[in-house]
Chemist: 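Take this structure first; my questions come after.
Excluded from the calculations below are hydrogen atoms, water molecules and symmetry mates; all remaining heavy atoms, backbone and side chain alike, are included. All values reported here derive from a predicted model rather than from experimental measurement. All ligand and atom numbering here is 1-based and tracks the order in the structure. In this chain, residues are counted from 1 in sequence order.
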Amino acid sequence: MFSVKELVDSGCLKTVPSSYAYQSKPDDRISFDKEIIPIIDYSLLTSGSPDQRSKIIQDLGHACRDWGFFMVINHGIPEKVRDEMIRYIDGFFNLTEKEKQEYAGKELFDPIRYSTSFNVTVDKALLWRDCLKVLVHPHFVSPRKPDGFSEILEDYCKRTRELANELLKGISKSLGLEENYISKKMNVEMGTQMLVANFYPPCPQPEIAMGLPPHSDYGLLTLLIQNELTGLQVMHNGKWVPINPLPDSILINTGDHMEILTNGKYKSVLHRAVVNNKGTRISVGTAHGPPLDGIVTPAPELTQASAAYRGITFRDYIELQQTSQLIGKTCLDHVRI
Ligand SMILES: O=C(O)CCC(=O)C(=O)O
Ligand SMILES: [Fe+2]
């Protein structure tokens with residue numbers, strides 16, 4: 001048995017197999033306050049009046065500092081493109097196991113990797129999640145199947161890359177830096193973009209299984225879309241806030257390399273994905289970072305006293321994170337001074 005999908009498809013599962021039983025209950029510390037997730041109107045960032053633009057840059061700064069998480073509306077990525085992306089991801093996971101296994105990369109930096117759980121060699125409990133990772137930039141690749149996937153994937157990734165780059169300009173300004181500061185310093189033109197598509201089949205006992213445990217993402221920013229089912233929760237003020245995205249929005253979160261670059265001014269956000277018994281949840285993230293060989297260190301302009309993190313190549317950091325157990329933000333401890 002390889003994937004969760006295969007496990008679920010193989011019969012009428014009434015309980016979660018013990019290998020998938022997650023030790024801490026997913027319903028601990030849930031926030032029942034109706035928290036307002038920051039909403040950023042992207043159109044004001046790119047074509048608002050000077051006043052609107054400076055207000056939205058300020059809002060962007062607050063969202064990064066206080067939440068590390070926000071929704072972007074009026075972002076210009078058409079509904080059709082987002083829907084098609086989800087549909088093709090669903091199509092990919094609905095290929096036969098044999099077809100998908102063709103993409104089960106063996107090496108960490110293989111450009112296409114189909115897998116299950118997080119890292120089965122280190123996971124204490126298996127996760128209720130199958131996954132497809134594709135390294136789409138600076139060199140675009142795509143699984144050949146299903147037919148037409150490659151065109152949709154390329155279009156979606158180009159659009160999300162442009163969106164991420166514009167947001168990085170606004171974030172640079174919110175830090176009091178020149179708007180191209182982050183893109184130049186991180187060489188985002190040649191930067192890494194990793195597509196991570198998550199497939200969480202319906203789970204007979206969602207309260208004892210976990211889709212993705214608490215973690216932060218590597219990279220500067222992650223952009224995320226999902227199908228109609230919710231499951232993402234973000235840690236805010238010590239509580240898990242369930243995220244119900246506005247229908248047309250794209251979710252954004254800051255990653256570990258934003259925390260390193262800003263010397264802790266904008267921290268990466270802890271989040272997790274819980275599962276449900278209603279249907280298959282799909283989420284599609286794109287993580288945006290520097291080139292694999294780029295070294296990320298705190299920006300001197302943002303480092304008053306001393307640097308709180310040491311430099312590390314993006315490749316080494318990803319390797320550290322992907323080969324260890326996924327536990328909160330522990331990976332950052334390796335580079336904290
Ligand atoms: O499924 C989700 O909503 C979150 C996915 C996620 O956090 C990730 O892929 O890193
Ligand atoms: Fe994540």
Chemist: Return a yes/no value for Gln226: is any of its N or O atoms, backbone included, closer than 3.5 angstrom to an N or O of ligand 1?
Modeler: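 The answer is no, given that Gln226 and ligand 1 share no N or O pair closer than 3.5 Å.
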Chemist: Excluding waters, how many protein N/O/S atoms sit closer than 2.8 Å to the Fe ion (ligand 2)?
Modeler: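 Number of qualifying protein atoms: 3.
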Chemist: Pick whichever of Leu212, Thr286, Leu195 has a heavy atom sitting closest to atom 8 (C) of ligand 1.
Modeler: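 The option holding the nearest heavy atom is Leu212.
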Chemist: Quick one: does ligand 1 sit under 4.0 Å from the side chain of Arg272, the backbone, both or neither, non-hydrogen atoms only?
Modeler: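 For Arg272, no heavy atom sits under 4.0 Å from ligand 1.
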Chemist: Hey, are Ser172 and Glu179 close enough side-chain-wise for a donor-acceptor pair under 3.5 Å?
Modeler: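 Their side chains do not contain a donor-acceptor pair, so the 3.5 Å distance test is not met.
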Chemist: Please evaluate residues Tyr309 and Val296 with respect to the criterion side-chain contact (heavy atoms from CB on, under 4.5 Å), reporting the C-alpha separation (whole Å), side-chain torsions for both, the decisive distance (0.1 Å), and the verdict.
Modeler: CA-CA 9 Å; Tyr309 308 86; Val296 186; over 6 Å; no
Chemist: Quick check on the 6.0 Å ring-centre criterion: do His257 and Tyr317 meet it?
Modeler: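 Yes; Tyr317 has its ring centre under 6.0 Å from that of His257.
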Chemist: Give a yes-or-no answer on whether the side chains of Thr330 and Gln325 include a donor-acceptor pair shorter than 3.5 Å.
Modeler: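 Distance-only check fails for Thr330 and Gln325.
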Chemist: Taking only distance into account, with no hydrogens and no angle test, what donor-acceptor pairs under 3.5 Å do side-chain atoms of residues 56-71 form with protein atoms, sequence neighbours excluded?
Modeler:
from	atom 1	to	atom 2	distance (Å)
Asp59	OD1	Lys55	NZ	3.2
Asp59	OD2	Lys55	NZ	2.9

Chemist: Are Glu99 and Tyr114 linked by a side-chain donor-acceptor pair shorter than 3.5 Å?
Modeler: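 Distance-only check fails for Glu99 and Tyr114.
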Chemist: Which ligand 1 atoms are under 4.0 Å away from a heavy-atom of Leu224?
Modeler: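 Result: 3 (O).
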Chemist: For a quick test of your reading: what N or O donor-acceptor pairs under 3.5 Å do the side chains of residues 285-293 make, sequence neighbours left out?
Modeler:
from	atom 1	to	atom 2	distance (Å)
Thr286	OG1	His288	NE2	2.9
Asp293	OD1	Arg315	NE	3.3
Asp293	OD1	Arg315	NH2	3.4

Chemist: Report, one line per pair, each donor and acceptor closer than 3.5 Å where one atom sits in a side chain of residues 133-143; sequence neighbours left out.
Modeler:
from	atom 1	to	atom 2	distance (Å)
Lys133	NZ	Gln322	OE1	2.9
His137	ND1	Gly191	O	2.7

Chemist: Give me the nearest non-hydrogen protein atom to atom 3 (O) of ligand 1 as residue plus atom name, then the distance to 0.1 Å.
Modeler: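 Atom 3 (O) of ligand 1 sits closest to the protein heavy atom Arg281 NH2, 2.8 Å.
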Chemist: Provide the number and element of each atom of ligand 1 under 4.0 Å from a heavy atom of Ala273.
Modeler: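 Selected atoms, number and element: 1 (O), 2 (C).
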